[in-house]
Amino acid sequence: MDVAYKPDRVEQKARNYWDDNRCFEVDEDPEKDPFYCLTMFPYPSGHLHMGHVRVFTLSDVIARFQRMQGKHVLQPMGWDAFGMPAENAAIKRGVPPAQWTYQNIADMRGQFQRLGYGYDWRREVTTCKPEYYRWEQWLFTRLFEKGLVYRKNSVVNWDPVDQTVLANEQVIDGRGWRSDALVERREIPQWFMKITAYADELLEYLDKLPGWPDSVKSMQRNWIGRSEGIELTFDIEGGGEPLTVFTTRPDTLMGVTYMAVAAEHPLASNAAESDEKIAAFVADCKKMQAAEAAMETMEKKGMPLGISAIHPITGERVPIWVANFVLMGYGTGAVMAVPGHDQRDWEFATKHQLPITQVIEPLDGSQLDIAQGPYVDYGRVINSGFIDGMNFEQAFAAIEQRFAENNRGRKTVNYRLRDWGVSRQRYWGTPIPIIYCDDCDAQPVPEDQLPVVLPEDVEFTGVGSPLKDMPEFYEADCPKCGKPARRETDTFDTFVESSWYFSRYTSPDCDTAMLDEREAYWMPVDQYTGGVEHAILHLLYSRFFQKVMRDVGLSSADEPFTNLLTQGMVLKDGAKMSKNKGNTVDPGDLIEKYGADTVRLFMMFAAPPEQALEYSDDGVQGAFRFLKRFWNAVHNHVATGRVASLKIDKLDNAQRDLRRKTHQTIAKVGDDMGRRYTFNTAVAASMELLNAVTRLEDTSPQSSAVVREALEAVVLFLSPIVPHICHELWQVLGHETAVVDERWPKFDANAMQQDRIEIVVQVNGKLRGKISVAADANRDEVAASAIADENVQRFIAGKEIRKQIVVPGRLVNIVV
RNA sequence: GCCCGGGUGGCGGAACUGGUAGACGCUACGGACUUAAAAUCCGUUUCUCGAAAGGGAGUGCGGGUUCGAUUCCCGCCCCGGGCACCA
């Protein structure tokens, strides 16, 4: 019999079994305990890359592990199919984005199947299909009716040569990536979803997500950025609209020495009309980039507007400046500056020779020179008249009260979080279901006219959206008055599709509603796995959508994902794999050479999930070598013939040792996979056990029985990671059943018992000896044999023992 | 710039709740098998002193807490992710 490990044949056979028996197709069975295991669905780029293999393998291992725990596991797969790469491919190759996308999906689906992932493909979801996006359009019209969407002007990157709006990543050093033209800021009307209406709930529910990593929760908390402060009003000298600002530090109010407004602020626009220099500065501000990172790192610039505000307490004149670091779309578009106690204000004031006054002193009374740098901590108020001597809380309350009495200010909560701009001036996306009528303004498309179908057979040039040139698309009748009107040609941000796909998997074929009763069976997702790079945006938008879906009665779940696993990137030579760097590795080539199991094993063994994983050819070789050894170990064992039944009380020491290792390993691997998600250490433990098996060379009946027990355990607990080879080896071991339907092995605590244990002996914290003691020895006995150890004696002889620390089962530390 | 991670042998990593630093794998080296190579198997592999027994140093850098610190605290350095139109 040919027993060489041939991955191709083994993997084909296992796949056929799963397909023929529809192993991974699951229905809603109220008798069973459901477990919804989900991976962030991929963008169908056409090429499977190592990052995909890693994240899908992780999720598949968890799914198969949970199945062995007796759970009724749903693992679906789909495609985040709208987005820029399809447009870019269309420009480059002249292929319509739809055609390119569907071809990629077909290619990638085949690659996923080759990797042996246990998906219920009946539930496949493709976001660029009208059956999918019609419900997104429907939800948007519901939100419109509830007042949760609105339109306002907002800034985009405008490429004046290509006449196109650019994504941030298409702006390189302030220039368009294709035209090389200097990119301009342009304000255009866009649709927004009121995520800020849910800001407090999104923040509070983070505390109800114990299954999420603290780092992700912390990032979301900071992103939402709730801060309590006071909104207060400054009059403008000579009349005019008063200036409202928000501050979290009302205790520093008397330290205000200037004000700053955004370039788009009416005060700046007015001043620009009569002053060329200001006009030039305002025009200059329009050239800066929209990205926050660019804003924060650029040089802070400003100019005096020549007008002043009146300090609401002192009545003194405070000059108003226009500054490039104040954003119109953020807060009120104006800030009060306290250079004595704010880093950015201090730098700006120092640069422009504006006065700096100290109004807070340290609580410990220490002196400081405000000219050398600001004092930004809380302290005691000074030089501030009626609030002198107060601490932060007292001053806050006093200022709040004073302004409330005069009706000039109030306590407010401000968020860093901004409403979600969902309009994109692109073709390849979900059409926004709005019709503009000259008389009735913007109207949502009525439900019976949905979906607004995106035409797929288009010529795409990259200059503007083809929808703008298609009267058959944009010509529509006003839903309210029936007069000719114009359809919205902008499409949704692709984050909209990915904010609810997880729910649609539960009701993928429902054509009468967005979701049906099956939603309640599966949602929320029990285990969600995906890249850390999505820690904020995708996960926050999805949480927002879940709450919206709950509030329109589609779901009863408050949060979409109960447990979250964020996986690190795949690197090569210490850098992210990318075409630019030329350091990509095609998983397809590896699968062809070694098989899917080797690639899966390498991915799980090379690093723990959250960490970046360094790719290595040698590592893949090593994984393949292990599978061959595993294969041979099972076949060699089976070749020795019939196995005696295990007689626990007839075992010799070596047999008992192997049996102990087997049961310790069952316990460890179960803990690693089920609780810690450290699949790398689970694999390492499996390797150790297999090494121990091959080291037991005697072939007596009882040895053979102990080896059989060990090998069966390894086949069972490696089956989530390398399911194909384990499917085969389970049968080689003589089982009629399929390993995919087996339960997780149980460990026997008695087998793990040890008579004698090794204890480490330290003298003054340094390792000086190891002793063997009875497992049930008491502290004094352990200490006595520690002191008796020969090498320990060399270090304590003639010295007084000041202290003995005995850690049961671990170590003794003798302090002299 | 701000927020969140990470830094341990030649390399990937392990050490789970403060208790033996380097499990497991890779590489390299030595050996067995072979006419030879590949494959496979056995052994060595943190640095350093020593013939050995054994000693010293060591987890990015500088301090601190502790009988004991890779692990906790303070201050730095470097690398990665995110920063709202990449997905």
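Every chain is numbered from 1, with letters handed out A, B, ... down the list of sequences. The model shown is predicted, which means the values in this text are computed figures rather than measured ones. What's counted below: heavy atoms across the whole structure, side chains too, no hydrogens, waters or symmetry copies.
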Compare side-chain N and O positions of A:K770 against OP1 and OP2 of B:rU20 and report whether any pair is under 4.0 Å apart. no
Counting the benzene-type ring for Trp, do A:F492 and A:F82 have ring centres under 6.0 Å apart? no
Base-pairing mate for B:rA87 - Watson-Crick or G-U, with both contacts under 3.5 Å: none
Can we call the ring centroids of A:Y541 and A:W420 under 6.0 Å apart? yes
Within 90° of 0 counts as syn, otherwise anti: where does B:rG50 fall? anti
Measuring to OP1 and OP2 of B:rA57, would you say a side-chain N or O of A:K766 lies under 4.0 angstrom away? yes
Write down the distance separating the P atoms in B:rG19 and B:rG13, rounded off to the nearest Å. 22 Å
So what does A:R629 hit on the nucleic acid, given a heavy-atom distance under 4.0 Å: a base, only sugar-phosphate, or nothing? sugar-phosphate
Result for 5'-nearest mapping on RNA chain B, choosing between A:N813 and A:D214, is A:D214
Could you tell me how far apart A:N222 (CG) and B:rG5 (C1') are, to the nearest whole angstrom? 13 Å
Hey, does the side chain of A:S215 come within less than 4.0 Å of B:rG5's phosphate (OP1/OP2), counting only N and O? no
If you look at every strand shown and take non-hydrogen atoms under 4.0 Å, does A:L417 touch a base, only sugar-phosphate, or nothing? base
Does A:R768 put a side-chain nitrogen or oxygen below 4.0 Å from OP1 or OP2 of B:rG55? yes
Give a yes/no answer on whether the side chain of A:N168 brings an N or O atom under 4.0 Å of OP1 or OP2 in B:rC83. no
A:E688 vs A:G421, nearer the 5' end of RNA chain B by closest nucleotide: A:E688
Phosphate OP1/OP2 of B:rA84 contacted by A:R418 side-chain N/O (<4.0 Å): no
Under a 3.5 Å cutoff, is there a donor and acceptor pairing between the side chains of A:W212 and A:Q220? no
Is A:R676 close enough to B:rA15 that one of its side-chain N or O atoms is under 4.0 Å from OP1 or OP2 there? yes
For B:rA53, give the paired nucleotide (Watson-Crick: N1-N3 plus N6-O4 or O6-N4; G-U: N1-O2 and O6-N3; both under 3.5 Å), or none. none
Base, sugar-phosphate or nothing for A:S218? Non-hydrogen atoms, less than 4.0 Å. sugar-phosphate
Would you kindly give the CZ-to-P distance between A:F82 and B:rC86, to the nearest whole Å? 18 Å
Check the distance between B:rG5's P and A:E610's CD and give it to me in whole angstrom. 13 Å
Answer yes if the ring centres of A:Y132 and A:W500 are under 6.0 angstrom apart, and no otherwise. yes
With the side chain defined as heavy atoms from C-beta on, A:L767 is closest, among B:rG25, B:rC85, B:rA21, to B:rA21
What integer distance in Å separates A:R221:CZ from B:rC4:P? 11 Å
Between A:T494 and B:rA87, does any side-chain N or O lie under 4.0 Å from OP1 or OP2? yes
Regarding A:E688 and A:T665, do their side chains bring together a donor and an acceptor under 3.5 Å, going by distance alone? no
Applying a 4.0 Å non-hydrogen cut-off, can you work out what A:M295 is touching in the nucleic acid: base, sugar-phosphate, or nothing? nothing
Between CZ of A:F602 and C1' of B:rG13 the distance, given in whole Å, is 11 Å
Using Watson-Crick or G-U wobble geometry with both distances under 3.5 Å, which nucleotide pairs with B:rG68? none
Any chance the side chains of A:N632 and A:R629 put a donor and an acceptor closer than 3.5 Å? no
Can you confirm whether or not the ring centre of A:F112 sits under 6.0 Å from the ring centre of A:F56? yes
Less than 4.0 angstrom between a side-chain N/O of A:N691 and OP1 or OP2 of B:rG25, yes or no? yes
OP1 or OP2 of B:rA14 under 4.0 Å from side-chain N/O of A:N680: yes
Expressed as a whole number of angstroms, how long is the span from A:I224:CD1 to B:rA84:C1'? 13 Å
Establish, with yes or no, whether the OP1 or OP2 oxygen of B:rC2 is under 4.0 angstrom from a side-chain nitrogen or oxygen of A:R416. no
Verify the contact: side-chain N or O of A:R625 to OP1 or OP2 of B:rU27, cut-off strictly under 4.0 Å; return yes or no. yes
In whole angstrom, give the distance that lies between atom CH2 of A:W428 and atom C1' of B:rA87. 16 Å
Contact check, residues 528-544 of chain A vs RNA chain B, heavy-atom distance under 4.0 Å, returns A:E533, A:H534, A:I536, A:L537
A:F325-A:F348 aromatic ring centre distance below 6.0 Å: yes
Side chain of A:Q170, base of B:rC86: donor and acceptor closer than 3.5 Å? no
Answer with base, sugar-phosphate or nothing: what part of the nucleic acid does A:Y615 contact at a heavy-atom distance below 4.0 Å? nothing
Under 3.5 Å, is there a donor on one side chain and an acceptor on the other for A:Q611 and A:Q567? no
Return no unless some side-chain N or O of A:Q611 is found under 4.0 Å from OP1 or OP2 of B:rG13. yes
Out of A:D493, A:T491, A:D490, which residue meets the side-chain hydrogen bond (donor to acceptor under 3.5 Å, both in side chains) rule with A:R424? A:D493
Distance in angstrom units between A:R178 CZ and B:rC86 C1', rounded: 16 Å
Is there a Watson-Crick or G-U wobble partner for B:rG5 with both distances under 3.5 Å, and which nucleotide is it? B:rC79
